[in-house]
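Down below is the structure, laid out as structure tokens.
Naming convention: chains lettered A, B, ... in sequence-line order (proteins, then strands); numbering from 1 in each chain.
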Amino acid sequence: MNVSYDESYYSYDEVSAPSSPQNFISMSQNCRLSVQSRSELKLIPVNYQFFAQNCIRTIVPKRKINSNRPKSAQIIIVLTFILQMVAFFVSLMGEFNYKRFWGTLIALGFGVCASVNQFSVPRFNLFVQKHFGMLNSLQGVIVVQVLLLQVFSYEFDVKKITLFVATVIMLASIVGIIALIITLLVQTQMNKQIQSTDYAKQQEELEQVEKIVQEDQMAKEEIKIVLQERKQHIETIEMDEKTKTDITNDDNTEDIQLTDLQNSKIEKQEAPKIHQIQKQTNGKQEIDRDAILKLAQSSQMSNEPLQPMSITLGNFNSSGVNQCKNSNIPKFILKATTIILANADTEGIFRVSPQETELKDLKAELQRKNDVTDIKSIKIHTLCSLLKYFYRQMKPVLISNETMQQFRGADNKIDQLTWAIVEISEPNRSNLLYLLKFLNTIAQNPNNKMTVQNLSIVFIPNITDIFMQGDQGILENLITNIDELIDNSKHHTF
Amino acid sequence: MKQKQIKITFVGDNNIQRSGFLRQFLKQNNDCFIPVVEEYIEGECTINNQLVSYRLQDTPCNEDYDRIRHLYYLGTDIFVVCYQVVDLTNAGIKQSFNNVRAKWIPEIRQHSNAPIIILGTEAELLHTPALQIQDEEITQLVRDVGAQMHIISSSKHKYNIQLVIHQALHIILKQKEKETRNYK
């Protein structure tokens with residue numbers, strides 16, 4: 001494919017393209033001036049010459065002519081035209097009479113008009129068809145003809161006229177009956193075709209419905225299995241927690257025994273030490289991206305399912321944010337985020353649109369099971385769009401309208417933002433904090449070209465139900481200040 | 001006599017220089033990577049001694065905005081559906097080209113019955129050894145969709161940028177002329 005660039009084309013470009021939106025009005029005035037000076041022929045037709053010569057791939061498809069009128073009506077009109085011709089020649093027979101000649105000629109003009117209108121101009125004939133029907137229009141034409149004959153011929157030859165009228169009416173009735181039969185036949189055939197197609201469609205639909213019912217039954221069985229697995233999983237987690245609490249209780253009891261033995265002064269000395277230790281541990285639990293990457297890689301290498309407690313993003317498992325247990329976060333999100341973090345270097349992540357045909361099946365699977373099998377075989381961009389779809393389908397929505405109004409009223413002050421976050425009910429808050437932290441880690445990577453602004457534009461319609469133009473700025477602010485928000489929300493947890 | 005403003009909306013996948021096309025029309029910097037939420041250009045031009053005012057509407061084409069996008073379709077006279085001329089992945093997927101049939105045209109036809117122009121972007125890549133889309137596929141797409149025409153353009157070399165907009169305006173003006181003629 002050779003694409004040629006004409007320099008003559010650029011000259012046209014320079015004339016009418018505005019330099020900036022502010023100067024657009026002045027540019028349009030310039031355009032008009034140039035048109036007056038150069039003459040319009042030079043400007044636009046150059047374009048079309050170029051269009052005709054060089055655009056090899058341009059295609060303008062032909063349009064079909066709309067012939068809504070049935071063929072029977074056209075045939076009838078042609079027959080009336082022939083009849084009128086016959087009448088004209090009949091009038092010429094015998095003695096020549098000027099009045100009769102002119103009367104028949106005017107009638108013939110009417111007939112010609114009617115036949116021409118039938119084929120080219122729809123509006124005139126639509127009126128007749130609406131009010132008099134298909135056959136009545138023909139009879140009307142004939143009646144007008146006869147009346148004109150009677151008016152213009154003063155000398156009444158009763159025999160001739162009656163014979164003529166009788167023949168015309170006979171012929172017209174025969175033609176009308178034939179036309180009726182033709183129209184009925186055509187209609188019946190059309191109905192038969194429609195019925196046959198309907199029947200085939202219905203059969204196909206029935207088969208599809210049966211298939212869907214079978215799939216639903218399969219899905220129900222799968223859901224039962226998944227529910228059983230979940231129950232087992234929850235039981236194991238509860239067992240683990242019980243054991244942990246037992247251990248901590250034991251530690252506490254030991255401490256108490258020690259404190260009973262020792263003096264109160266030593267307690268006061270030790271208390272700040274304990275705080276220091278806690279701070280150190282918090283410092284260690286800040287993000288180590290390398291560690292997360294290693295985790296993700298290890299999870300990719302091993303085929304075992306990911307355990308939700310194994311991933312620690314930021315301070316989520318620390319004592320300060322007790323409510324942000326990872327058990328509240330769905331399993332699919334945890335899996336997807338790890339894989340996306342491992343591939344965070346790809347350009348335009350979360351922005352490039354995936355292929356629509358691949359997505360349909362995966363979306364259906366996600367809606368059925370709340371999870372996807374073979375998550376590692378999915379491409380990155382489709383996985384990103386799946387994650388966004390998951391957040392979109394979440395009910396209740398992550399940021400409800402009430403909290404969104406609180407965010408708007410906060411004026412980007414961190415204290416008020418934390419209060420708004422604290423008031424969110426539990427499963428949503430941990431999910432929101434997890435998402436914000438995740439987006440912050442992605443935005444820190446300069447290779448993917450996705451800044452905080454880009455990510456907020458992409459993610460805001462998925463998280464909220466109703467959003468306005470300024471809300472993207474709020475999300476930007478939330479993502480940039482996420483660490484402070486988590487630290488502050490530790491003190492305010494109830 | 002002042003006429004009604006003609007609205008042309010641009011639709012297509014991301015990352016294929018769709019909004020770069022419009023920025024080139026304004027002669028602005030083209031290196032922006034921020035996704036579009038709402039941008040539009042308004043202006044006037046003369047066609048056949050007739051002053052026409054137009055509005056070029058760019059839409060947010062992330063899938064996240066699927067719920068809202070039909071608001072931008074309101075009152076459009078003509079659509080321009082974009083695709084990338086070349087498959088850069090070389091894997092035979094032709095993502096943006098296939099999404100025209102799979103996603104964009106069904107979505108447009110749900111909301112309006114306006115005519116469609118199909119536009120291939122980034123024509124400067126045709127010289128590269130990347131995988132090209134063949135002419136037969138394009139003809140078939142144009143016939144199936146019932147599009148008015150198909151044009152190739154490149155925003156980098158300013159190729160066929162004005163032509164797209166002028167063609168779109170011409171199609172609408174012809175349509176309006178026909179309507180008025182029928183009512184007379």
Side-chain angles (χ1 to χ4, degrees), chain A residues 1-3 5 9-10 12-13 15-21 24-25 27-29 31-32 35 40 43-44 47-48 50-51 55-61 122-123 347-348 350-357 359-360 381 385 388-389 392 449-451 453-454 457-462 467 469 472, chain B residues 13-15 24-28 33-38 41-49 51 60-68 85 93 95-96 98-99 102-103 120 123-124 126-127 132 135 138-139 142-143 146-152 154 157-163 166-167 182:
Chain A
M1 177 62 66
N2 295 317
V3 183
Y5 305 105
Y9 194 68
Y10 291 138
Y12 178 73
D13 225 352
V15 172
S16 64
S19 59
S20 68
F24 207 101
I25 298 157
M27 278 312 295
S28 65
Q29 285 170 2
C31 185
R32 258 177 277 160
V35 167
E40 211 174 354
L43 278 173
I44 293 165
N47 236 335
Y48 289 104
F50 185 77
F51 180 71
C55 291
I56 302 156
R57 287 192 181 186
T58 48
I59 300 147
V60 183
R123 298 222 166 233
E347 189 180 312
F350 283 111
R351 199 204 151 190
V352 176
S353 44
Q355 206 168 6
E356 195 72 8
T357 48
L359 262 178
K360 276 185 183 176
H381 295 305
S385 64
K388 287 189 282 188
Y389 178 75
R392 223 178 302 154
K449 284 191 182 178
M450 294 298 282
T451 57
Q453 193 188 351
N454 294 358
I457 286 170
V458 168
F459 257 90
I460 236 208
N462 300 324
F467 71 98
Q469 281 192 337
Q472 292 136 14
Chain B
D13 275 10
N14 272 320
N15 264 336
Q24 185 58 251
F25 183 72
L26 288 173
K27 298 197 170 181
Q28 278 183 353
F33 200 73
I34 298 164
V36 175
V37 176
E38 189 193 3
I41 302 165
E42 284 182 338
E44 289 175 341
C45 69
T46 49
I47 294 174
N48 300 331
N49 289 322
L51 206 150
C61 288
N62 292 319
E63 52 172 348
D64 318 305
Y65 288 83
D66 278 346
R67 293 179 295 173
I68 316 157
V85 172
I93 301 167
Q95 206 175 66
S96 61
N98 284 330
N99 275 353
K103 186 179 178 186
E124 72 268 9
L126 285 171
H127 298 290
Q132 295 184 8
D135 290 356
I138 294 166
T139 50
V142 170
R143 274 173 199 161
Q148 295 287 328
M149 57 175 57
H150 169 263
I151 304 171
I152 279 176
S154 87
H157 294 282
K158 298 182 189 175
Y159 176 73
N160 273 355
I161 283 169
Q162 294 286 310
L163 185 124
H166 269 265
Q167 283 295 328
N182 280 335

*By side chain to side chain donor-acceptor pair (under 3.5 Å), which residues pair with A/Tyr389, not counting sequence neighbours?*
A/Gln367

*Tell me, for A/Gln453 versus chain B, whether the close heavy atoms (under 4.5 Å) come from the side chain, the backbone, both or neither.*
side chain

Is the shortest heavy-atom distance from the side chain of [X] to the side chain of [Y] under 4.5 Å?
X: B/Glu63; Y: A/Leu359; answer: yes
X: B/Tyr65; Y: A/Ile457; answer: yes
X: A/Glu356; Y: B/Asn98; answer: no

*Search all heavy atoms of A/Arg351 against all heavy atoms of B/Asn14 and return the closest pair with its distance.*
O-ND2, 3.2 Å

_Restricting to salt bridge (Lys or Arg N to Asp or Glu O under 4.0 Å), what partner residues turn up for B/Asp13, sequence neighbours left out?_
none

*asked:* Using a 4.5 angstrom heavy-atom cutoff, name the option from A/Ile460, A/Thr451, A/Asn462 with the most pairs to chain B.
replied: A/Asn462

*Relative to chain B, which of A/Val352, A/Val458, A/Thr357 shows the most heavy atom pairs under 4.5 Å?*
A/Val458

_Donor-acceptor contact below 3.5 Å, side chain B/Asn99 vs main chain A/Pro354_ = yes

